Enquirer: 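I'd like to ask some things about the structure below.
As the structure is a prediction and not an experimental result, all values here were calculated from the model. Chain naming here is simple, since letters A, B, ... match the order of the sequence lines and numbering starts at 1 in each.
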Amino acid sequence: MIAYVAFMHAVVLLSQREAWPFANYQVLHGQASLAVRIWRLDFLGIDGNGRSWRIDPYAFEPLHKLPLQAWVRGFLPKMPKENKQRAMAFLLQKAEEARQRAAAGKNIGYERYIGPIAAPYWYLLPREPQVSSLPYRQLKIDLVEWTTEEALAVPPREHRYVLTVYPR
Amino acid sequence: MRLLELRERVATFWLAPEHASNVIAARILLAASGLWLILSRHDLPGVLSLPKAILATIPMQQRVRFLILMPVGIERVLWVALHIALLAALFGIWSRWSCLAAGLLLYHFGPFETIIWTPNPYLRGVTIPCLGLLIISFATSSGDSAGPGWALRLTQLLFAEIYFFAGYSKLFAGGLAWLGANNMQHYLTGLDQFLGFSAAPTVGHWLAQFPLVCSTIAVIGLVFELAFPLVLFFRRLRWIFIPMAFFFHVANWLVFHIFFQNAFLLLMFVNWEWVLARVVYARYHRRGPKKEIEWVNSSG
């Protein structure tokens, strides 16, 4: 067993490829640059008054926001219209369920069962403590892009595009 | 001759006897860590109740690899079984089988968290409990008193690799330029922005103003990561590296917004036999004279 584990780890280390549960633990590797384009998706719930609210990053549990935003950007635009609508309807339903829990003062996301002693995810994300008291009627996903140079400028610059809105 | 000597040294390292309490402590820490994580992940099997439109984007090869082939109802039963197996492993009930079941189920459920994008949930806290419990399940079957030693050392090696591999990947991808102040400044500001912390001032953003501090963070961090495996061979270094590792993770949390769920597994490097002996010794000396007085009084 020692030889097998050592061999597998040597392979993932030297190849810098993943073969979970044998991992190469790449963290903050590579050269960071001011000019590299960074992006994120903002998930927004639009309530009955037409006001948009940033949705808590843990509202879509069991999906975590970071893999979810990668999936949305990678797959959603390429999907047939019907599948896209089903996926968006599901995400809207998750956002609304989380809104109801949060509005009732209940924990959502990783804190749902054991509260503040629960284990957060690897990357911590800023929470959204404020939620609408009205149900979300629409889910809007914005693509936000910037470079670190743009973000550090005075005033900071970013480029925001509407990726999708459901239902239209 | 040298080859034989090396072989003997390797054998001595792996097969040296280990106090049973250290192996038991490792089992408890691994099971507790796994249980803490799964209690913090709401309805992970519910991933399989996602709309078919989303599930269809997961390649079949990945579903086969992690046995993600069963209906959601069965997955929920297995999820409950994982809780039970981890509890049994924690309390040492049928250790061999509970550790094996918990390790296999962690392997099965680990990728659920990220499967829609990647099947590699490394650095999400499950990797070491999964492998560690599997390794310990094999060790507890040997029945030999020196047997579990290799299992503890192998689990410790896996843990030390987290640091070493992270350091190696930085040098592999960025070379020595990774240590430059500019690189660290860009990481600090870029990560703040990517994760969405740029609206308010943060420790990372503040530190990014000082190039010398950034360079120092990079050098100390990288040297620490590459040197951590020394604790496997030089036990005295644990007095320095283990507290340093806790500080490293608190600093990562404050500066990079990174939460290392396995930080408590650093306690696997503590010599629990020594700690227990100290506790028993202290208790004996605290209670000893009192008992003596009681005995004197009762006999008198």
Enquirer: With chain A, which of Gly175(B), Gly174(B), Ser169(B), Gly190(B) has the greatest number of heavy-atom pairs at distances under 4.5 Å?
Expert: Ser169(B)
Enquirer: Please rank Ile115(B), Asp192(B), Asn252(B), Asp43(B) by heavy-atom pairs under 4.5 Å with chain A and give me the top one.
Expert: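 That would be Asp43(B).
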Enquirer: Please name the pair of heavy atoms, one in Ala53(B) and one in Trp71(A), separated by the smallest distance, quoted to 0.1 Å.
Expert: O-CZ2, 4.4 Å
Enquirer: Please identify, among Phe112(B), Trp36(B), Tyr168(B), Trp178(B), the residue contributing the most non-hydrogen atom pairs under 4.5 Å to chain A.
Expert: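 Looking at each option in turn, the highest pair count goes to Trp36(B).
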Enquirer: Between Gln69(A) and Trp117(B), does the side chain to side chain contact (heavy atoms under 4.5 Å, CB included) criterion hold? Intermediate values first, please.
Expert: CA-CA 9 Å; Gln69(A) 73 172 11; Trp117(B) 184 245; over 6 Å; no
Enquirer: For the candidates Ile108(A), Leu68(A), Leu124(A), Ile114(A), which exhibits the highest count of non-hydrogen atom pairs separated by less than 4.5 Å from chain B?
Expert: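 Highest number of heavy-atom pairs under 4.5 Å: Leu124(A).
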Enquirer: What is the minimum heavy-atom distance between Gly196(B) and Pro126(A), and which atoms define it?
Expert: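 In this case the closest contact between Gly196(B) and Pro126(A) is O-CG, 3.2 Å.
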Enquirer: Please determine whether the number of non-hydrogen atoms from other residues, nucleotides or ligands lying under 6.0 Å from atom CZ of Arg17(A) exceeds 12.
Expert: no
Enquirer: Determine whether His9(A) and Phe165(B) satisfy the following criterion, ring pair (Phe, Tyr, Trp, His ring centres under 6.0 Å), listing intermediate values before the conclusion.
Expert: CA-CA 9 Å; His9(A) 276 106; Phe165(B) 284 15; 5.8 Å; yes
Enquirer: With chain A as the partner, which of Thr114(B), Ile162(B), Thr189(B), Val47(B) has the greatest number of non-hydrogen pairs under 4.5 Å?
Expert: Ile162(B)
Enquirer: Which atoms of Leu106(B) come close to chain A, meaning under 4.5 Å heavy atom to heavy atom: side chain ones, backbone ones, both, or neither?
Expert: backbone
Enquirer: What are the two closest heavy atoms between Ala177(B) and Gln31(A), and how far apart are they?
Expert: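 Ala177(B) and Gln31(A) have their closest heavy atoms at CB-NE2, 2.6 Å.
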Enquirer: For residues Tyr163(B) and Tyr25(A), determine if any side-chain heavy atom of one lies less than 4.5 Å from a side-chain heavy atom of the other.
Expert: no
Enquirer: Answer with side chain, backbone, both or neither: which region of Leu171(B) has an atom nearer than 4.5 Å to a non-hydrogen atom of chain A?
Expert: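 No part of it gets close to chain A.
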Enquirer: Hey, is CZ on Arg127(A) packed in by over 12 heavy atoms from elsewhere, all under 6.0 Å?
Expert: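 More than 12 heavy atoms, drawn from other residues, nucleotides or ligands, come within 6.0 Å of this atom.
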Enquirer: Are the side chain of Glu18(A) and the backbone of Asn120(B) linked by a donor-acceptor contact shorter than 3.5 Å?
Expert: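 Not a single qualifying donor-acceptor pair exists.
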Enquirer: Less than 4.5 Å to any heavy atom of chain A: does that hold for the side chain of Leu154(B), its backbone, both, or neither?
Expert: side chain
Enquirer: Atom OH of residue position Tyr166(A) - does it have more than 12 heavy atoms of other residues, nucleotides or ligands inside 6.0 Å?
Expert: yes
Enquirer: Hey, what do you get for CZ (Arg112(A)) to OG (Ser40(B)), rounding to the nearest 0.5 Å?
Expert: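 With rounding to 0.5 Å, CZ (Arg112(A)) is 13.5 Å from OG (Ser40(B)).
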Enquirer: Could you tell me which of Ala151(A), Gly30(A), Gly74(A) has the largest number of non-hydrogen atom pairs under 4.5 Å with chain B?
Expert: Gly30(A)
Enquirer: Side chain from CB out, backbone as N, CA, C, O: work out which of these in Glu150(A) comes under 4.5 Å of a heavy atom of chain B, or both, or neither.
Expert: neither
Enquirer: Would you say the side-chain atoms of Tyr187(B) pair up with the backbone N or O of Leu28(A), donor to acceptor, closer than 3.5 Å?
Expert: yes
Enquirer: For Tyr107(B), which atoms come within 4.5 Å of any heavy atom of chain A: side chain, backbone, both, or neither?
Expert: both
Enquirer: Is Val27(A) in contact with chain B via its backbone, its side chain, both, or neither, using a 4.5 Å heavy-atom distance?
Expert: both
Enquirer: May I ask you to name which of Gly109(A), Ala19(A), Pro21(A), Pro80(A) has the most heavy-atom pairs under 4.5 Å with chain B?
Expert: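 Highest number of pairs under 4.5 Å: Pro21(A).
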Enquirer: Chain B heavy atoms under 4.5 Å from Gln16(A): which part of the residue, side chain, backbone, both or neither?
Expert: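 The answer is the side chain of Gln16(A).
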Enquirer: Between Trp122(A), Phe22(A), Tyr110(A), which shows the greatest number of heavy-atom pairs under 4.5 Å with chain B?
Expert: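 The answer is Trp122(A).
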Enquirer: Return the option, out of Ala6(A), Ala118(A), Pro156(A), with the maximum number of heavy-atom pairs under 4.5 Å with chain B.
Expert: Ala118(A)
Enquirer: Would you call the rings of Trp20(A) and Phe66(B) parallel, tilted or perpendicular, taking 30° and 60° as the class edges?
Expert: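 Because their plane-to-plane angle lies in the 30° to 60° range, the rings of Trp20(A) and Phe66(B) count as tilted.
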Enquirer: Restricting to non-hydrogen atoms, name the atom on Arg86(A) and the atom on Pro51(B) that form the minimum distance, rounded to 0.1 Å.
Expert: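 Reported closest heavy-atom pair: O-CG, 4.0 Å.
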Enquirer: Tell me, do Thr57(B) and Met79(A) make a side-chain contact under 4.5 Å, heavy atoms counted?
Expert: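 They are in contact (side-chain heavy atoms under 4.5 Å apart), so the answer is yes.
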Enquirer: What part of Phe194(B) is in contact with chain A, defined as an atom under 4.5 angstrom from a non-hydrogen atom: side chain, backbone, both or neither?
Expert: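 When you check distances to chain A, atoms from both the backbone and side chain of Phe194(B) fall under 4.5 Å.
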Enquirer: If you count heavy-atom pairs under 4.5 Å between each of His205(B), His257(B), Gln193(B) and chain A, which one has the most?
Expert: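 Between His205(B), His257(B), Gln193(B), the count favours Gln193(B).
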Enquirer: Please report the closest heavy-atom contact between Met1(A) and Ile135(B), naming both atoms and the distance.
Expert: SD-CG1, 3.8 Å
Enquirer: At a 4.5 Å cut-off on heavy atoms, which part of Leu66(A) comes close to chain B: side chain, backbone, both, or neither?
Expert: side chain
Enquirer: For each of Trp39(A), Tyr121(A), Tyr113(A), tally heavy-atom pairs with chain B at distances under 4.5 Å, and name the one with the top tally.
Expert: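 Looking at each option in turn, the highest pair count goes to Tyr121(A).
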Enquirer: Flag the pair Leu131(B) / Val5(A) as yes when at least one side-chain heavy-atom distance between them is below 4.5 Å, and no otherwise.
Expert: no
Enquirer: Looking at Gly167(B), Ala173(B), Gly125(B), which one has more heavy-atom pairs under 4.5 Å with chain A than the rest?
Expert: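 Option with the greatest count: Ala173(B).
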Enquirer: Report which part of Glu113(B) has an atom under 4.5 Å of a heavy atom belonging to chain A: side chain, backbone, both, or neither.
Expert: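 Contact with chain A involves both backbone and side-chain atoms of Glu113(B).
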Enquirer: Can you see which heavy atom on Gln261(B) is nearest to which on Pro120(A), and at what distance?
Expert: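 Looks like NE2-O, 3.1 Å.
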Enquirer: Between Ile2(A) and Arg153(B), is the side chain to side chain contact (heavy atoms under 4.5 Å, CB included) condition met? List the steps.
Expert: CA-CA 10 Å; Ile2(A) 293 168; Arg153(B) 277 182 283 280; over 6 Å; no
Enquirer: Name the region of Ile38(A), side chain, backbone, both or neither, that has any atom closer than 4.5 Å to a heavy atom of chain B.
Expert: side chain
Enquirer: Name the region of Pro45(B), side chain, backbone, both or neither, that has any atom closer than 4.5 Å to a heavy atom of chain A.
Expert: neither
Enquirer: Would you indicate whether Phe7(A), at its atom CZ, is surrounded by more than 12 heavy atoms from other residues, nucleotides or ligands within a distance under 6.0 Å?
Expert: no
